[in-house]
Amino acid sequence: MPPARVRFAPSPTGALHIGGVRTALYNYLLAKKTNGTMILRIEDTDQTRYVPGAEEYILKSLEWVGIKIDEGVAQGGPHAPYRQSERKAIYKQYAQKLIDEGNAYYAFDSEEELEAMRNRLKATGSTHQQYSATTRMMMDNSLTLSKSEVAQKLAAGNPYVIRLKVPDSEEIELNDLIRGEVKVHSSQIDDKVLMKSDGMPTYHLANVVDDYLMQITHVIRGEEWLPSAPLHVLLYRFLGWEKQMPQFAHLPLLLKPDGNGKLSKRDADKAGFPLFPLNWTDPNTGELSKGFCESGYLPDALINFLAFLGWNPGTEQEIFSMHELIDSFTVERIGKAGARFDILKAQWYNQQYLKAKPDDELAAYLLAALPSNSCSKEKAAKICGVLKERVTFTHDLATQRASSLKHLPNTIPR
RNA sequence: GGUCCGUUCGUCUAGGGGUUAGGACACCAGAUUUUCAUUCUGGUAACACGGGUUCGAUUCCCGUACGGACUACCA
C-alpha cells in the first residue's frame, strides 16, 4: 500500500472526547502502517465556539496516548498553516471559483426570512424544510436578483453567505471503505452554506479544500459525517478534484454503556469513569472533568482498549502494543456497528499492562504520590514489584500499600 | 417526520450456506495462595423477527421491528 496521508481534524471547542482519541488512533495506525504521514489540523472556523486552552489540551492529550504528529500546528509542515482560521483567504478563492462557474451563489436572506421559509414549508406539510432546488428561487439570492442588484448589495456591504447550488435531481454515490456503496439523492441535500457572513468557511468547504491541498489520501472520521459525505463528493467534483478525492471511512460511534445513544459526558459522570484523556477544567464554568491519566490509567492500556472498540485483528490475541497495532491494522477490519463503552474491560486492560510494566517504571507513579524523599527509588521499585500483581490503577500503588503490605512476606521493605 | 447507517452471548467481537457458532471482559463454581489480589480449571450465556432463494440459511435477497446518526451561517 502506498504511503497514506491522513489527518485528525478536531475543533478546539473543549476537551478531546475519547471517541475523538479513537478516531485519531485509527488515522495514526493507517499512517504508520503505510509509512505515511499523520497530520493534525485545527478546525477553528467557528469563532463563537472557540475555547481557550482547548488546542493545547488536544496536543497534550495526543502526546500522552502516544500518537505522534508528523505535520501540524506545533511542528509545521509543507502545507502550513494548519489552523483553518489562518487559511481564510484560501477558502475565499475557491468559493469565488464556485460562484464564477455557477456552482454556488450569494444569499442575502436574514435569519428571520429563513425561519419564515421553514415555517411556511412546515405548514404545507412538506417533509423537509430546506434551502434547496425547490425553494431557492423564492429566496433573496443572486439567482433571483438581477446582476446589478447583487453588485449593489455586495458593494453596500450587506451581509451575505455563499451557498452551494446542489443539482436538483441526481443520484450521488460514494464508496465508503467500511460501508461500501452509499447512495444519496441530491434532492435530499440542501444548499449548504459554504462561506458564512463573517467571512469564515463552514466545515464543508474548509474540509474539502484543505484535504485536497494537503493531499489527504484517506478521510477517517466519525459516522456523524456520513450524511454530509455526498455533499463533499459534490464539492470535489465542482472544484475539479474528483480524481484526487480521498477515500472515505466513516467510523461507527462509541455508545453509552447502558441503553443507547452517543457516549456523552453525562453518561461517563453517571457511571463514574472519565471521558477525556487528561483532566480538563472548563474555562467558562470552572468545572473539572476527570481524565484517564489522572484516574490511574496507563496510556498504552487505554490505546489497546480503544483500538478494540470497533476493530479487531481476527486472531485471538487481546494484548497489543502500539507497534503491534500498527502491524496488524487494516481499515477493512473495522466493524460497522456502534460499540458500547465498557469501562470494566478498560480496567482489565489497565491491570494487564500494569502487571507487565517493569518495576522501576512503576516506581515513578508511587514516588509521585509519596512525600518527596520519603522513599528511595530502589525501595519503591521493590514495593511496586510486589504490589503490581494486585492493583488495577497506578494510584493503587500508593493507596494499597498499607493494607496489602502487612500480608506480604517480611523480605520486602515497608 | 424525512434521508442515511446499523443489528452474533449482558458487553467487545470471530466466523460464515452444512460448525459442538470460537475468543475476551463481566458473572458463577472449584483449585492454588496463611486472608485479599494474582494465577489456573470448569460453567451459564448469542445469530432481532417474518418471508423468500436453496437439498440446506445464523450466513445471500426483500420486508418488519428495534437502535443510531444527520436534518444550523456547529463541527
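For clarity, every value in this text was computed on a predicted model and none was experimentally measured. Residue numbering restarts at 1 for every chain, and letters A, B, ... go by the order of the sequence lines.
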Whole-Å gap separating [atom2] ([N]) and [atom1] ([X]):
X	N	atom1	atom2	value
A:Tyr105	B:C73	OH	C1'	13 Å
A:Leu231	B:A72	CG	P	13 Å
A:Glu316	B:U13	CD	P	16 Å
A:Leu254	B:G68	CG	C1'	13 Å
A:Asp190	B:C70	CG	P	15 Å
A:Phe320	B:A24	CZ	C1'	12 Å
A:Arg221	B:A69	CZ	P	17 Å
A:Gln347	B:A37	CD	C1'	15 Å

Think [X] has a side-chain N or O under 4.0 angstrom from the OP1 or OP2 of [N]?
X	N	value
A:Lys345	B:U13	no
A:Asn312	B:A14	yes
A:Lys355	B:U39	yes
A:Arg49	B:A75	no

Base paired to [N] (Watson-Crick or G-U; both N/O distances under 3.5 angstrom):
N	result
B:U54	none
B:A21	none
B:C27	B:G43
B:A14	none
B:G67	B:C5
B:U38	none
B:U32	none

Tell me, yes or no, whether the heavy-atom count around A:Glu171 atom CD, taken from other residues, nucleotides or ligands under 6.0 Å, exceeds 12. yes

Side-chain-base donor-acceptor pair under 3.5 Å for A:Lys192 and B:A72: no

Please determine whether any donor N or O and acceptor N or O are separated by less than 3.5 Å between the side chain of A:Ser197 and the base of B:C73. yes

Rounded [atom1] spacing from [N] to [M] in Å:
N	M	atom1	value
B:A57	B:G51	P	12 Å
B:G10	B:A48	P	11 Å
B:C47	B:G22	P	13 Å
B:A69	B:C12	P	16 Å
B:C9	B:A46	P	9 Å
B:A21	B:U13	C1'	13 Å
B:U58	B:C40	P	37 Å
B:U71	B:U11	P	29 Å

Determine the contact category for [X]: base if any of its heavy atoms lies under 4.0 Å from a base atom, sugar-phosphate if only primed atoms, P, OP1 or OP2 are that close, otherwise nothing.
X	result
A:Gln130	sugar-phosphate
A:Thr45	sugar-phosphate
A:Lys388	nothing
A:Asp44	nothing
A:Gly310	sugar-phosphate
A:Phe308	sugar-phosphate
A:Val193	sugar-phosphate

Can you tell me if A:Asn27 uses its side chain to pair, donor with acceptor, with the backbone of A:Thr23 under 3.5 Å? yes

Side chain A:Ser142, main chain A:Tyr106, donor-acceptor under 3.5 Å: yes

Just so I know, are the side chains of [X] and [Y] near enough to count as touching, which here means a heavy-atom distance under 4.5 Å?
X	Y	answer
A:Phe276	A:Lys265	yes
A:Tyr91	A:Ile162	no
A:His79	A:Gln215	yes

Among B:C70, B:C73, B:G23, the one nearest any side-chain atom of A:Lys262 is B:C70

Identified ring-ring contact (aromatic ring centres under 6.0 Å, His included) partner of A:Phe305 from the options A:Phe320, A:Phe341, A:Trp311: A:Phe341

Reading RNA chain B from 5' onward, which residue's closest nucleotide shows up sooner: A:Glu318 or A:Leu309? A:Leu309

If you assign A:Glu224 and A:Trp348 each to the RNA chain B nucleotide with the nearest heavy atom, which residue ends up on the more 5' nucleotide? A:Trp348

Can you check each nucleotide of nucleotides 4-10 of chain B against protein heavy atoms at under 4.0 Å and return B for base, S for sugar-phosphate only, - for none, in 5' to 3' order? SSSS---

Cation over ring, A:Arg163 on A:Tyr131, under 6.0 Å and within 45°? yes

Is it the case that A:Lys165 places NZ or CZ above or below the six-membered ring of A:Tyr105, under 6.0 angstrom from the centre and within 45 degrees of the axis? no

Quick one: do A:Tyr28 and A:Lys32 satisfy side-chain contact (heavy atoms from CB on, under 4.5 Å)? Show the steps, please. CA-CA 6 Å; A:Tyr28 179 72; A:Lys32 294 299 120 178; 3.6 Å; yes

Between A:Tyr236 and A:Phe248, what is the ring plane arrangement, given parallel below 30°, perpendicular above 60°, and tilted in between? perpendicular

